[in-house]
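Predicted model only: the values in this text are computed from it and were never measured.
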Amino acid sequence: MFIEKLCEGVLCILTPLGPRYLKPKFRDRVHLMWIFRHFHRLPQQVLSAREQRFIEMLCQSAQFVSGLRSNGLEEAIVIGTLEHRVPLPTEEMQAHSAPASARRSPASPITDERGSS
């Protein structure tokens, strides 16, 4: 099983649209085997920043493939499954966490000078 994962393993990424499968290069499969050495399924949040950048790089450069092997009958050998959560936009997060007084836009310096005279 170890050799099969190295030779033809895929990375399964769970997205809101369903599972997606990536076919990484050999050296990337070795790195993925290290990341998923103790767990078959990991949430994206538990990965280090370096590992998250590696996964993002894989998503941008690697080709998405079918979840089946080339014969179309058997399931692909999955190195690991990543639960990919789409982060909320930062503006919405700041608006929800900041108090109401902080959400108002500050007055411009020109308005302050006119208001104080």
Side-chain angles (χ1 to χ4, degrees):
M1 185 64 129
F2 179 79
I3 298 298
E4 290 176 338
K5 282 185 180 182
L6 278 177
C7 293
E8 53 185 88
V10 296
L11 173 66
C12 178
I13 300 178
L14 300 179
T15 66
L17 299 175
R20 301 287 183 248
Y21 298 91
L22 286 174
K23 179 72 171 176
K25 296 177 183 175
F26 178 78
R27 64 184 167 103
D28 296 334
R29 287 194 296 270
V30 171
H31 190 103
L32 287 170
M33 298 235 352
W34 177 256
I35 292 173
F36 289 96
R37 66 191 177 277
H38 296 295
F39 301 99
H40 182 68
R41 184 176 184 162
L42 291 171
Q44 184 177 6
Q45 296 84 359
V46 301
L47 300 178
S48 68
R50 181 174 177 242
E51 291 170 338
Q52 288 184 20
R53 283 191 308 271
F54 171 72
I55 296 293
E56 290 299 321
M57 184 262 322
L58 276 180
C59 290
Q60 292 172 0
S61 64
Q63 295 182 349
F64 287 96
V65 295
S66 170
L68 300 175
R69 287 190 181 181
S70 58
N71 64 12
L73 300 174
E74 301 174 22
E75 289 188 17
I77 298 173
V78 177
I79 296 171
T81 302
L82 181 70
E83 298 173 0
H84 184 70
R85 305 277 189 229
V86 179
L88 292 172
T90 55
E91 292 177 7
E92 287 181 15
M93 289 175 57
Q94 290 174 353
H96 291 295
S97 63
S101 60
R103 279 187 240 148
R104 284 186 253 144
S105 61
S108 68
I110 298 172
T111 308
D112 289 339
E113 289 177 17
R114 289 182 186 167
S116 61
S117 357

Which residue pairs pass the salt bridge (Lys or Arg N to Asp or Glu O under 4.0 Å) test with at least one member in residues 29-43, sequence neighbours excluded? R41-E83
Who are the ring pair (Phe, Tyr, Trp, His ring centres under 6.0 Å) partners of F54, not counting sequence neighbours? H31
If hydrophobic clusters are built from ILVMFWY residues whose side chains come within less than 4.5 Å, do L47 and W34 share one? no
Reported NZ-to-CG distance for the pair K23 and L58, which is rounded to 0.5 angstrom: 12.5 Å
Rounded to the nearest 0.5 Å, how far apart are CG of L14 and OG1 of T81? 6.0 Å
Other ILVMFWY residues reachable from V65 by side-chain steps of under 4.5 Å: V10, Y21, V78
Suppose we screen for side chain to side chain contact (heavy atoms under 4.5 Å, CB included). Which residues come up paired with L17, at least two apart in sequence or across chains? T15, R20
Interatomic distance, CD@E51 vs CG@L32, rounded to 0.5 Å, equals 9.5 Å
Decide yes or no on side chain to side chain contact (heavy atoms under 4.5 Å, CB included) for L42 and I35, but give the supporting numbers first. CA-CA 9 Å; L42 291 171; I35 292 173; 4.2 Å; yes
Using the side chain to side chain donor-acceptor pair (under 3.5 Å) criterion, which residues pair with R53? Sequence neighbours excluded. none
One should read off an interatomic distance between I79 CD1 and C12 SG, to the nearest 0.5 angstrom, of 11.5 Å
Is any side-chain heavy atom of D28 closer than 4.5 Å to a side-chain heavy atom of L11? no
